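These notes concern the structure reproduced below.
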Amino acid sequence: MNEKLSQINFENACAETYCFDNGTEVKEYHAMIHVSQQGLTYAQQLEAVMNAYDGLRNRLPDTQAVFKRYFLSDAANQADDIILADMSDCAKSIIEQAPLDGTKVALWVYLMTNVNTRLTNSGLYEVSHSSFRHLWNASAHNLAANSEYQMRLLFNEYVMQLAEEGCKLSENCIRTWLFVNDIDLNYGGVVRARNQVFFTQGLTVHTHFIASTGIGGRQQDPNVLSQMDNYAIAGIQPEQIHYLYAPTHLNRTSDYGVSFERGTYVDYADRRHVFISGTASINNKGEIMYPKDIERQTKRMWENVETLLAEADCTYDDVCEMVVYLRDISDYQLVRDLYEERFHGKPYIIVNAAVCRPGWLVEMECMAIKQIENKAFASF
């Protein structure tokens, strides 16, 4: 697996993989594992995914999983089986966002070599190498009365977890994912809670926010209206973190009352990590481009993401994984054909998830890794 991109076939499953190898101790891999045989029962599909993951690890014997996300078609009937089947020592995100290839379960997994992993006393999963501790958390949720209270409690608990690790939300958190059950109804409460917590933590339009995706997603308990995954870095310095704006194509999110960055990149001595937030078909006035036209929205979305990547001196060649969210499942075949034409072999998944504004038919997020040399910083 020396090539950057590869596809590995297993029994009833396949893995699209991306490898970043700059000759240092830490290699990074992203893999999207899909079920390749439709019509299997859920138990058979989950077994195929788990076997494919084991097979991938056998091919990459020195790797550790640092983050996983399971995409499910019916979390209420499926999530418990994953909790029982996957005992790996990393943050595991489990969310109902149905894979739109007609299967019931898919897996995105992020792996690294030569890192140490453990569950900390704070409840965050630590991935350590060099002078940095990467802190992952997934599937955080609670049963407060409404989406606003749930999200406020989630962030308040996360602030305390970070404090236990000697970190702050404003200085160390790099990325969040906010999953909202019935986003058309509950997203407003999530936005209000995030805005309030961020203000109290010194995150404002005059300082900075955090790269994020706020998207429709359902937990196995229907009373959970908001769920959060997050990623922070202990030991990071402010000058290593940069924010992406692409002002020719996108407006500031604060223009319409929300508080996240369009993208963030983090520099180390030997590599750059780029985190692109959920991005849709808009212009730099915040207006929806090409209403009701899924093909043109997809292409404008690509252009917006490409512009953000360029601001980090990256291209789509540096992108290691993509998650694509569709509001209407009937758009799947068209969007898949577009992605296959442009990104064949790249690890990506298309799932059913409502975007936060009804007029947005499609949204995508991605991560990218680029080799750099900057002796001012420590190695990854």
Side-chain angles (χ1 to χ4, degrees), residues 1-10 13-22 27-36 49 52-53 56 59-60 63 65-71 97 99-103 106-112 175 177 211 213 215 244 263 265 271-281 294-295 297-310 312-326 331-353 362-371:
M1 295 187 59
N2 293 324
E3 296 295 326
K4 182 181 287 189
L5 293 175
S6 62
Q7 181 169 312
I8 308 170
N9 293 315
F10 302 94
C14 67
E16 300 158 350
T17 68
Y18 179 101
C19 171
F20 175 81
D21 180 3
N22 63 351
K27 298 178 186 178
E28 301 184 59
Y29 299 89
H30 285 265
M32 288 289 182
I33 299 177
H34 308 266
V35 175
S36 55
V49 168
Y53 170 71
L56 185 64
R59 289 170 180 254
L60 306 170
T63 57
V66 300
F67 179 76
K68 291 180 176 180
R69 179 169 296 145
Y70 286 92
F71 304 91
Q97 290 179 331
L100 287 179
D101 59 1
T103 62
L107 171 63
W108 162 33
V109 57
Y110 184 11
L111 304 119
M112 294 181 184
R175 184 70 162 93
W177 291 264
T213 298
I215 199 75
L244 304 172
Y265 72 87
R271 69 194 69 190
R272 172 173 295 167
H273 281 178
V274 185
F275 303 87
I276 301 298
S277 300
T279 303
S281 174
I294 184 62
E295 181 171 359
Q297 283 203 20
T298 299
K299 292 179 178 178
R300 172 64 189 213
M301 175 186 70
W302 286 348
E303 184 180 338
N304 288 347
V305 171
E306 192 168 31
T307 306
L308 288 165
L309 290 168
D313 194 28
C314 291
T315 70
Y316 276 115
D317 286 343
D318 302 302
V319 169
C320 46
E321 59 82 22
M322 298 182 288
V323 181
V324 185
Y325 304 101
L326 286 186
D331 288 328
Y332 169 69
Q333 192 60 54
L334 187 154
V335 173
R336 181 186 180 278
D337 289 346
L338 291 172
Y339 268 81
E340 278 298 293
E341 182 179 358
R342 184 166 185 182
F343 300 114
H344 178 72
K346 183 82 71 176
Y348 75 89
I349 186 169
I350 304 175
V351 298
N352 181 215
V362 59
E363 179 173 304
M364 71 171 283
E365 63 176 64
C366 63
M367 292 175 59
I369 311 173
K370 180 182 178 68
Q371 182 172 340

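Keep in mind the model is a prediction, meaning the values are calculated, not measured. For reference, positions follow the sequence shown, starting with 1. Any value given below was found using the heavy atoms of this structure, including those in side chains, with hydrogens, waters and symmetry copies removed.
Side-chain contact between I349 and E16 is absent, with no heavy-atom pair separated by less than 4.5 Å. Two residues are said to be in side-chain contact when any heavy atoms from C-beta on lie closer than 4.5 Å; M364 and V362 fail this criterion. The closest side-chain heavy-atom distance from E365 to I215 is not below 4.5 Å. You'll find the side chain of V274 stays beyond 4.5 Å of the side chain of K370, heavy atoms only.
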Apply the test side chain to side chain contact (heavy atoms under 4.5 Å, CB included) to residues L5 and F343: give CA-CA distance (whole Å), side-chain angles for both, the deciding distance (0.1 Å), then the verdict.
-> CA-CA 11 Å; L5 293 175; F343 300 114; over 6 Å; no
Would you sort out whether H30 and F20 count as a side chain to side chain contact (heavy atoms under 4.5 Å, CB included), showing the intermediate values?
-> CA-CA 9 Å; H30 285 265; F20 175 81; over 6 Å; no
Tell me, with the steps shown, if T103 and H34 meet side chain to side chain contact (heavy atoms under 4.5 Å, CB included).
-> CA-CA 8 Å; T103 62; H34 308 266; 6.0 Å; no
Does the side chain to side chain contact (heavy atoms under 4.5 Å, CB included) test come out yes or no for S36 and N9, once each step is laid out?
-> CA-CA 9 Å; S36 55; N9 293 315; over 6 Å; no
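A donor-acceptor pair is defined here as one N or O able to donate and one able to accept, closer than 3.5 Å; no such pair exists between the side chain of K346 and the backbone of M322. Under a 3.5 Å cut-off, the side chain of N352 and the backbone N or O of L100 do not form any donor-acceptor pair. Looking at Y316, its side chain does come within 3.5 Å of a backbone N or O of W302 through a donor-acceptor pair. A donor-acceptor pair under 3.5 Å links the side-chain atoms of D318 to the main chain of T315, judged by distance alone.
Considering SG of C19 and CD1 of I369, their distance stands at 9.0 Å, rounded to 0.5 Å. With rounding to the nearest 0.5 Å, the separation of NZ in K27 from CG in L60 is 8.5 Å. Rounded to the nearest 0.5 Å, atoms CG (D101) and CD (Q333) are 10.5 Å apart. Note that the OG atom of S281 and the CD atom of Q297 stand 4.5 Å from one another [nearest 0.5 Å]. In this structure, I276 CD1 and T307 OG1 are separated by 10.0 Å, a value rounded to the nearest 0.5 Å. In this structure, the separation between CG on D313 and OH on Y265 is 8.5 Å, given to the nearest 0.5 Å.
Exactly one of E28, R69, K68 qualifies for a side chain to side chain donor-acceptor pair (under 3.5 Å) with Y110. That residue is E28. Tested against W108 for a side chain to side chain contact (heavy atoms under 4.5 Å, CB included), the candidates F71, Y70, Y348 yield a single pass: F71.
Between E303 and K299, no side-chain nitrogen of the basic residue sits less than 4.0 Å from a carboxylate oxygen of the acidic one, so the salt-bridge criterion is not met.
Across every non-hydrogen atom of S6 and T17, the tightest pair is OG-OG1, 2.5 Å. Residues I33 and A52 share a closest heavy-atom pair of CG2-CB, 3.8 Å. The minimum heavy-atom distance linking S277 with G263 is given by the pair OG-N, 4.1 Å. Closest of all the heavy-atom pairs between G278 and T213 is N-OG1, 3.1 Å. Nearest heavy-atom pair, Y18 versus P347, reported as atom, atom and distance to 0.1 Å: N-CG, 3.7 Å. The shortest non-hydrogen separation linking T279 to M301 is O-CG, 3.3 Å.
Note on ring orientation: taking the six-membered ring where Trp is involved, the planes of F275 and H273 are perpendicular (angle over 60°, cut-offs 30° and 60°).
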